[in-house]
Amino acid sequence: MAFDQSFLSIGRHPQYYMRDGNVTFLAEGFLFRVHRHFFERESEFFCHYFASSSEGDGTDKKPYVLEVKSDDFAKFLWVWYNPRYTYSNQPKDTWLTILNLATQWGFDSMRELSVRQLERLALGPIDKIALYKEHKIDGRLLIPSYIELCRSPTLPSFDDGKRLQMETVLKLAAARERALLRALERGLVTPTSADVEDSELEGIINDVFELGATFPEEPQGVNPCAARIESPLEGWVDIVGTNGNGTSHSAGSSCPTIRPPQIPPAASNTTNTQGNTPKNKGKGKSK
């Protein structure tokens, strides 16, 4: 077999050419000799690629050629070969690179890791919304950023608007308008969109941006039935239609309303139909 002269310009990557590796990739003039197991374990794309590729066999002489930058592929491999067993202290661009390659090659678990690490970074709302939309990250993670922009006294600037794109800017304006109407309904003299509670803004944003998020209807740690139970000394709420066990249900509610026990009248202290105690007419029969 003739030796390819172009092979002379190819070098081994200083960090990711491993003696015990069993598959070789070529990226931007560097050979990466790593472990095939990771690629087959986590990516259906590479399972098919290894089985069907006619351009290489994974050896140093016929490596699998990747159309990516060598530095980017090194960042991607770092997730598996990280010697410190920690993912902290990595900049945003590193995780975006890993996210892009993980998405391109179908590494779902690595994509989820990238998103989790991006969530830990202190990103401004404009930057975060633009990045998450560009990389098709779950829009529900942007609800806090949308809330921050809705509470802002002004709309995004012209330059920020170009980053967000027109559709997002228009939806933000619609969400702010709906929040303002909510504040007006409460009778505030000079209301703003910032006068609405976060829980209400979450619902407005979820609706306007069609995010499909769900929120608890009742506050956590609060028994929704507790407010429907009254003290026997104050009187009990009696709703028509009982369950036969001393409780009843109001329409549209899963919480029972407790009914008072039926106390039979005492023999020595009976009352008449008007609720008055009969007068004592003395001993013996009345004439």
Kindly indicate whether the side chain of [X], heavy atoms from C-beta on, has any atom under 4.5 Å from the side chain of [Y].
X      : Y      : result
Arg178 : Asp207 : yes
Arg163 : Ile129 : no
Met18  : Tyr81  : yes
Ile137 : Leu99  : yes
Thr24  : Thr59  : no

Using the rule that Ile, Leu, Val, Met, Phe, Trp and Tyr join whenever any side-chain heavy atoms are under 4.5 Å apart, tell me whether [X] and [Y] fall into a single cluster.
X      : Y      : result
Leu149 : Leu123 : yes
Tyr49  : Trp80  : yes
Ile126 : Leu155 : no
Leu211 : Leu170 : no
Ile98  : Leu121 : yes

Residues 88-97 side chain polar contacts: donor-acceptor under 3.5 Å, at least two apart:
unit_1 : atom_1 : unit_2 : atom_2 : d
Ser88  : OG     : Thr86  : OG1    : 3.2
Lys92  : NZ     : Asp127 : OD2    : 3.3
Thr97  : OG1    : Asp93  : O      : 3.0

For the side chain of Arg151 and the backbone of Val196, is there at least one donor-acceptor N/O pair under 3.5 Å apart?
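Between the backbone of Val196 and the side chain of Arg151 there is a qualifying donor-acceptor contact (under 3.5 Å).
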For Arg33 and Gly21, indicate whether the former's side chain and the latter's backbone hold a donor-acceptor pair under 3.5 Å.
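Such a contact is found between Arg33 side chain and Gly21 backbone.
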Given Glu177, Glu200, Glu197, the one that forms salt bridge (charged side-chain N to carboxylate O under 4.0 Å, His left out) with Arg182
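Exactly one option meets the salt bridge (charged side-chain N to carboxylate O under 4.0 Å, His left out) with Arg182, and it is Glu200.
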Once you measure the plane-to-plane angle for [X] and [Y], does it fall in the parallel (<30°), tilted (30-60°) or perpendicular (>60°) bin?
X      : Y     : value
Tyr87  : Trp78 : perpendicular
Phe50  : Tyr64 : tilted
Phe30  : Phe32 : perpendicular
Phe73  : Phe39 : tilted
Phe107 : Phe46 : tilted

Qualifying residues under salt bridge (charged side-chain N to carboxylate O under 4.0 Å, His left out), relative to Arg41, sequence neighbours excluded:
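For Arg41, no residue satisfies salt bridge (charged side-chain N to carboxylate O under 4.0 Å, His left out) once neighbours in sequence are set aside.
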Residues Arg140 and Asp138 bridged, charged N to O under 4.0 Å:
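Yes, charged N to carboxylate O under 4.0 Å.
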As a quick check of understanding, evaluate side chain to side chain donor-acceptor pair (under 3.5 Å) for Asp159 and Ser157, giving each step before the final call.
CA-CA 6 Å; Asp159 290 337; Ser157 66; 5.5 Å; no
Is a side-chain donor-acceptor pair under 3.5 Å present for Glu119 with Tyr132?
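Yes, a side-chain donor-acceptor pair sits under 3.5 Å.
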With a 6.0 Å cut-off (strictly less than), is the heavy-atom count around CZ of Arg120, excluding the residue itself, greater than 12?
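No, CZ of Arg120 has 12 or fewer neighbouring heavy atoms, counting only those of other groups under 6.0 Å.
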I'd like to know whether CD of Gln104 has more than 12 heavy-atom contacts from other residues, nucleotides or ligands below 6.0 angstrom.
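Above 12, so yes.
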